[in-house]
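Side chains included, hydrogens not; waters and symmetry mates left out as well; all remaining heavy atoms used.
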Amino acid sequence: MCDLHDQHEHEAAPGTPVLSRRRIMQLLGAAGVTAAVTTAEADPAMAAAADETPAAYEAPTGLAEDSPAKGSALDWIDAHKGRITGLNAEIWENAELSLREWKSSLAEAEFLERAGFKVEFGTAGFPTAFTATFTQGKGGPALGFSGEYDALPGLSQKKGVGHHDPLVYVHDPFAPGYGPGHGCGHSALGTAAAAAAAAVARSAERHKLPVTVKFFGSTAEETLIGKTYAVAKGVYEGLDAFLDWHPSTANATGWGSTTAMTAVTFTFLGVAGHGGTPLGNKSALDAAVMMATMSEFLREENLAPSGRLHWVINNGGDIPNVTPEIAEISYYVREGSPARVQVLLDKVIAVSEAAAKASQTKVRHRITSACWNQLPAKAFAELLHENMRQIGPPQFADEAHQLAKELQESLGLPAKGMHDKIGDLTPPNPVFLGGGSTDVADISWNVPTVSMGAALAPIGTKMHTWSTAACAAAAPGQAAVVAAAKYLAATAMDLLTQPERLKAVKDEFAERTKDVEWKTALPDGYEPPMYEPPAWFLKKTGQKWPPRNITWPPKRVVSQEKFASLGPELAPQK
């Protein structure tokens, strides 16, 4: 899932530790590779992401310039704060999961339609994905913005409450739980990006600046499905630059990379039977547990510091007295490049086969998503950073800091409040130590892309938590969404009014990608998972079901396994 926010904080927040030479050498021994020493022949993706900026780097100044057009864009955001924060609150209330963002996608699309965009739903075949386009004049650059609006399961939380208090509680006597919530702040992410796109469009129209502004409403970011598949289908072709942001715990940007990732689900098939007479049953859950246990043994000798391996059993049976006939365990396999992911993935697949053999079950696996590491854009980050400095940090009210401190105390963290500064722009660490992944990464190999973080959650907390959900549409998130919109809009306006800035960004992109041939990490014949939309949504968006790029209904998964043999029957004792 998208953990890009951690990259921004760790790269650029004040006080980031600088690795000593001795520590770098230790890590080199552990990891066996760094971007700085990787050759294009050995691993072109890591080589293209390499950085040789000296440690004494100072961020340049004089890149971002005030202009009447930029002023108009920022004024538009100020004049529409109510609509912007209202959209954030609406999407937060919807809290819809990946691939099912029916109300949230419509709300974001309608916001852009009111700003003069033409909206078309069904991008890349996804019902809740849409592309919104605004064109002013002819011959101008094409600028892209990225909107996400999916929530996470189990992270429901009351807005503005400083202790864990789920808004939606599932009263199940055997499996109590919580409803979905915006624990990654995507309600704010999509809103701020849409506001920035609208501000750029309205300013370009007023000042007669030729441009095409494209906003991509992206589904299923939390499962890294929406953009990776859309890129492979050519959705982002023709763009000159792409601007991206993500809620964070700090206000910062940088030009480090992210981890490439493959998401894979293993399905074990056995034979059900009464738990009181278990002989001959074949437990698929036993196989999943064995796989989970064995995969943990990969960590010491097969997992570099740049790698990540995490799993969840998402289907383990229903009741203890029925041996589970089907079980599923899903993994996220992350590493510094697609090639390194593949090496680790092959080992995980081998573990699944061993678990199936030991449990006498059958196993199959399917790739649900896969993305590259992100391609850095130093010149782009430098321009964005200066705009962030000129605009300043989010305007957090006392209410925002108070909520942040309550959350920090509730989580056992120092009560420091919100990050109310702009982080320094610093080079990435010379040794890549891994971290989160993003489906924006695949876009970055096809069009120059910049990413940044704006503080929506308290210092020291993390994304994918109920505490982030508490903030996303409360005082901290409402301040962050306005600030993020301004950072993106101001940077986009510089690309329009200063052609040399756009040229620098594109020249760096061309240099970094000259030895790399991007190819989707998704397998041949990949069909993205989808849910059938409700009839009212199809009617409102003018879509038909199913789209042509999937098989519907999907093939059923049914076990055909036989009971295990116990050998010849024993003769009765006399």
Donor-acceptor side-chain pairing of Ser437 and Thr259 below 3.5 angstrom: yes
Main-chain N/O of Ala441 paired with Ser444 side-chain donor or acceptor, under 3.5 Å: yes
Ala492 versus Leu243, closest heavy-atom pair with distance: N-CD2, 4.0 Å
Nearest heavy atoms of Ala69 and Ser203, plus distance in Å: O-OG, 2.6 Å
Atom pair NE2 (His401) and CG (Leu403), whose distance is rounded to the nearest 0.5 Å: 11.0 Å
Ser105 vs Thr219, side-chain contact (heavy atoms from CB on, under 4.5 Å): CA-CA, chis, key distance, verdict: CA-CA 8 Å; Ser105 60; Thr219 182; over 6 Å; no
Beyond-backbone contact of Pro428 with Trp255, side-chain heavy atoms, under 4.5 angstrom: yes
Expected output: side-chain Glu508 to main-chain Arg512 donor-acceptor under 3.5 Å: no
Arg308 charged N/C atom sitting above Tyr332 aromatic ring, 6.0 Å / 45°: no
Check: Val482 and Thr85 side chains under 4.5 Å, non-hydrogen atoms: yes
Residues Thr253, Phe380; criterion side-chain contact (heavy atoms from CB on, under 4.5 Å); working and verdict: CA-CA 10 Å; Thr253 186; Phe380 216 163; over 6 Å; no
From Gln543 atom CD to Glu120 atom CD, the distance as rounded to the nearest 0.5 Å: 9.0 Å
Glu65 and Thr497: side chain donor to acceptor below 3.5 Å: no
Distance-minimising heavy-atom pair for Leu155 and His464: CD1-C, 3.5 Å
Derivation and outcome, side-chain contact (heavy atoms from CB on, under 4.5 Å), residues Leu411 and Ser467: CA-CA 9 Å; Leu411 293 167; Ser467 58; 3.8 Å; yes
Whether Trp92 side chain and Gly181 backbone form a donor-acceptor pair below 3.5 Å: no
Euclidean distance, Arg501 CZ relative to Glu382 CD, rounded to 0.5 Å: 10.0 Å
Donor + acceptor pair across side chains of Asp424, Thr426 (<3.5 Å): no
Residue pair Leu538 / Pro533: nearest heavy atoms and the distance that separates them: CD2-CG, 3.7 Å
Validation row: His163, Glu409 side chains within 4.5 angstrom (heavy atoms): no
Distance-only polar pair, side chains of Thr128 and Glu101, donor-acceptor under 3.5 Å: yes
His385 (side chain) donor-acceptor with Ile422 (main chain) under 3.5 angstrom: no
Side-chain donor or acceptor of Asn387 paired with backbone N/O of Leu383 under 3.5 Å: yes
Sidechain-backbone polar pair: Trp245 side chain, Leu189 backbone, donor-acceptor under 3.5 Å: yes
Rounded distance [0.5 Å steps], CD in Glu222 versus OG in Ser369: 11.5 Å
Glu386 side-chain N/O to Gly62 backbone N/O, donor-acceptor pair under 3.5 Å: yes
Chi angles and distances behind the ring-ring contact (aromatic ring centres under 6.0 Å, His included) call for Tyr236, Phe216: CA-CA 9 Å; Tyr236 298 89; Phe216 300 91; 4.5 Å; yes
Worked check of side-chain contact (heavy atoms from CB on, under 4.5 Å) between Leu375 and Thr449: CA-CA 8 Å; Leu375 183 69; Thr449 300; over 6 Å; no
Set of ring-ring contact (aromatic ring centres under 6.0 Å, His included) partners for His207, sequence neighbours left out: none
His182 side-chain N/O to Ala188 backbone N/O, donor-acceptor pair under 3.5 Å: no
Side chains of Gln390 and Asp66 in contact at under 4.5 Å (non-hydrogen atoms): yes
Distance-only side-chain donor-acceptor flag, Asn251 / Tyr487, under 3.5 Å: no
Over 12 non-hydrogen atoms of neighbours within 6.0 angstrom of CD in Glu500: yes
Considering all heavy atoms, the nearest Pro476-Leu456 contact: CB-O, 3.5 Å
Lys506 with Asp240: basic N within carboxylate O range, under 4.0 Å: yes
Residue pair Trp545 / Met530, side-chain heavy-atom distance below 4.5 Å: yes
Residue pairs, two or more places apart or on separate chains, that pass ring-ring contact (aromatic ring centres under 6.0 Å, His included) and touch residues 139-162: none
Distance (rounded to the nearest 0.5 Å) between Thr368 OG1 and Tyr526 OH: 6.5 Å
Student check: side-chain heavy atoms of Thr513 and Trp518 closer than 4.5 Å: no
From CD (Glu237) to CG (Asn446), nearest 0.5 Å: 7.5 Å
Lys/Arg N to Asp/Glu carboxylate O, Lys159 vs Glu93, below 4.0 Å: yes
Other residues, nucleotides, ligands: >12 heavy atoms within 6.0 Å of Glu532 CD: yes
Whether over 12 other heavy atoms sit under 6.0 Å from Tyr57 OH: yes
Backbone N/O of Cys184 and side chain of Thr468: donor-acceptor pair under 3.5 Å: no
Donor-acceptor contact present, side-chain Ser72 to main-chain Pro68, <3.5 Å: yes
Close side-chain approach of Pro528 to Asn549, heavy-atom, < 4.5 Å: yes
Met418 and Pro394, any side-chain heavy atoms less than 4.5 Å apart: no
Whether Tyr178 and Tyr169 hold their rings parallel, tilted or perpendicular, with breakpoints at 30° and 60°: tilted
For Leu413 against Gly460, the heavy-atom pair lying closest together: CD1-O, 3.6 Å
